[in-house]
Amino acid sequence: MLRRQLLTLLLLAAFTTATSVVTAATAAEAKVPRIVMLLWRGETPVEQGFKTYFHDHQRQAQFEEIDLQRDLSRLPAVLEQIRQNPPDLVYTWGTGVTLGTVGRWDENDPAKLHDIPVVFSMVSAPWKTGIAAPEGQQRANITGASHIAPLATQLKAMSVYMPVQRLGVVFTPTEPNSVSSVNDLEKATQAAGIQLLQAPVPNLADGTPDPASIPSLVAKLAEQGANVIYIGPDNFVGTYRQQLTSAALAHGIPCFTGTELEIRDGDAMFGLVSRYDLVGRLAASKAEKILFEGQSAANIPIETLNRFSYLIKMPVARRLQLYPPVLLLDYAEVLQ
């Protein structure tokens with residue numbers, strides 16, 4: 001009888017221990033990772049694509065969005081809050097926010113994030129702006145998704161639609177991504193035999209770009225004979241896209257864009273773009289590897305989508321009487 005009671009007690013103890021182990025393991029598996037999303041202008045289709053990827057792959061995560069409201073001066077206080085309550089991963093939108101969060105690869109600024117994994121999206125030139133380490137070097141906590149098609153490919157996409165001898169560009173000299181893009185555009189246009197007409201946005205007295213200068217800059221490009229105005233990765237120009245595209249329309253000049261926003265929510269006539277939701281999904285696939293597969297960000301390559309969409313905004317084409325070639329309609333997405 002005593003032996004039976006002892007055996008029962010031992011079995012109960014073993015069961016209780018096993019149950020405790022299973023419960024602890026289940027609790028560990030059930031831990032939902034926390035992602036802080038640092039946004040430049042609120043949620044966009046990029047973030048919607050990011051979250052949809054998690055949903056479609058049945059990956060649970062807690063998303064905390066922080067909208068910087070186009071003001072990078074808010075970022076240091078936000079980063080201090082992040083350091084005090086570290087999430088499992090930080091997501092950043094755009095070159096300015098990403099540089100402000102992680103700094104350049106060759107800096108060691110203690111105010112930036114160095115120990116928390118960071119996945120960026122919508123960074124047009126991660127290597128040229130110093131976000132990504134050059135070949136042979138490595139950043140331990142950073143990976144992400146870029147979104148701009150090669151400039152030579154964009155120029156070919158323009159020429160499929162119409163001949164371009166003089167290409168105008170309005171850009172913001174205080175934005176590293178924009179300056180890098182224009183430098184590359186200058187090389188690409190020279191190689192293609194196209195004259196590049198540059199119109200840098202001047203600053204106001206407080207050092208910020210002047211939105212009121214946009215119509216006069218477009219007028220200057222029109223006087224110089226620009227056939228097309230190119231809109232590249234530029235946060236300021238993206239914010240004032242309607243002023244730019246409307247001014248171009250007034251002068252009878254079409255705008256070509258390398259980003260989706262200016263054609264879907266502006267009056268750019270055509271463009272070769274990465275779909276914003278797909279950029280978000282690509283970034284999310286990298287976050288998944290970090291959060292659920294235990295991979296280091298340093299071992300996850302920074303990538304650009306290998307598929308681009310050719311968009312044509314037909315109401316603008318009709319207004320300018322610049323109708324697309326019939327063959328182009330076989331693969332372009334026409335927006336009405």
Answer yes when Glu293 and Lys286 have at least one side-chain N-carboxylate O distance shorter than 4.0 Å, and no when they do not.
no
Ser178-Asp234 side chain donor-acceptor pair, cut-off 3.5 Å:
yes
Can Gln137 and Glu135 be counted as having a side-chain donor-acceptor contact under 3.5 angstrom?
no
Sidechain N-carboxylate O distance under 4.0 Å for Lys51, Glu43:
yes
Will you find, in the side chains of Thr129 and Asn177, an N or O donor that is under 3.5 Å from an N or O acceptor?
no
Tell me, which pairs form a ring pair (Phe, Tyr, Trp, His ring centres under 6.0 Å) where one or both residues lie in residues 102-161, sequence neighbours left out?
Tyr161-Phe270
Which residues, ordered by chain and number, are linked to Val201 in its hydrophobic cluster, where ILVMFWY side chains connect at heavy-atom gaps below 4.5 Å, directly or through other members?
Val170, Leu197, Ile214, Leu217, Val218, Leu221, Ile229, Ile231, Phe236, Val237, Tyr240, Leu244, Ile253
Would you call Lys31 and Asp88 a salt bridge, using N to O less than 4.0 angstrom?
yes
Determine whether the side chains of Tyr276 and Gln48 contain a donor N or O and an acceptor N or O closer than 3.5 Å.
no
Indicate whether the side chain of Arg70 and that of Thr239 have a donor and an acceptor atom separated by less than 3.5 Å.
yes
Test log, rule salt bridge (charged side-chain N to carboxylate O under 4.0 Å, His left out), inputs Arg83 and Asp115:
CA-CA 9 Å; Arg83 279 189 293 272; Asp115 300 321; over 6 Å; no
By the rule that ILVMFWY residues connect when side-chain heavy atoms come within less than 4.5 angstrom, directly or transitively, which residues belong alongside Ile263?
Val273, Leu311, Leu335
Answer with yes or no whether the side chains of Thr189 and Glu186 bring together a donor and an acceptor at under 3.5 Å.
no
Test item: side-chain donor near acceptor, Tyr53 and Glu288, under 3.5 Å:
yes
Verify whether one side chain among Arg166 and Gln224 offers a donor that lies under 3.5 Å from an acceptor in the other.
no
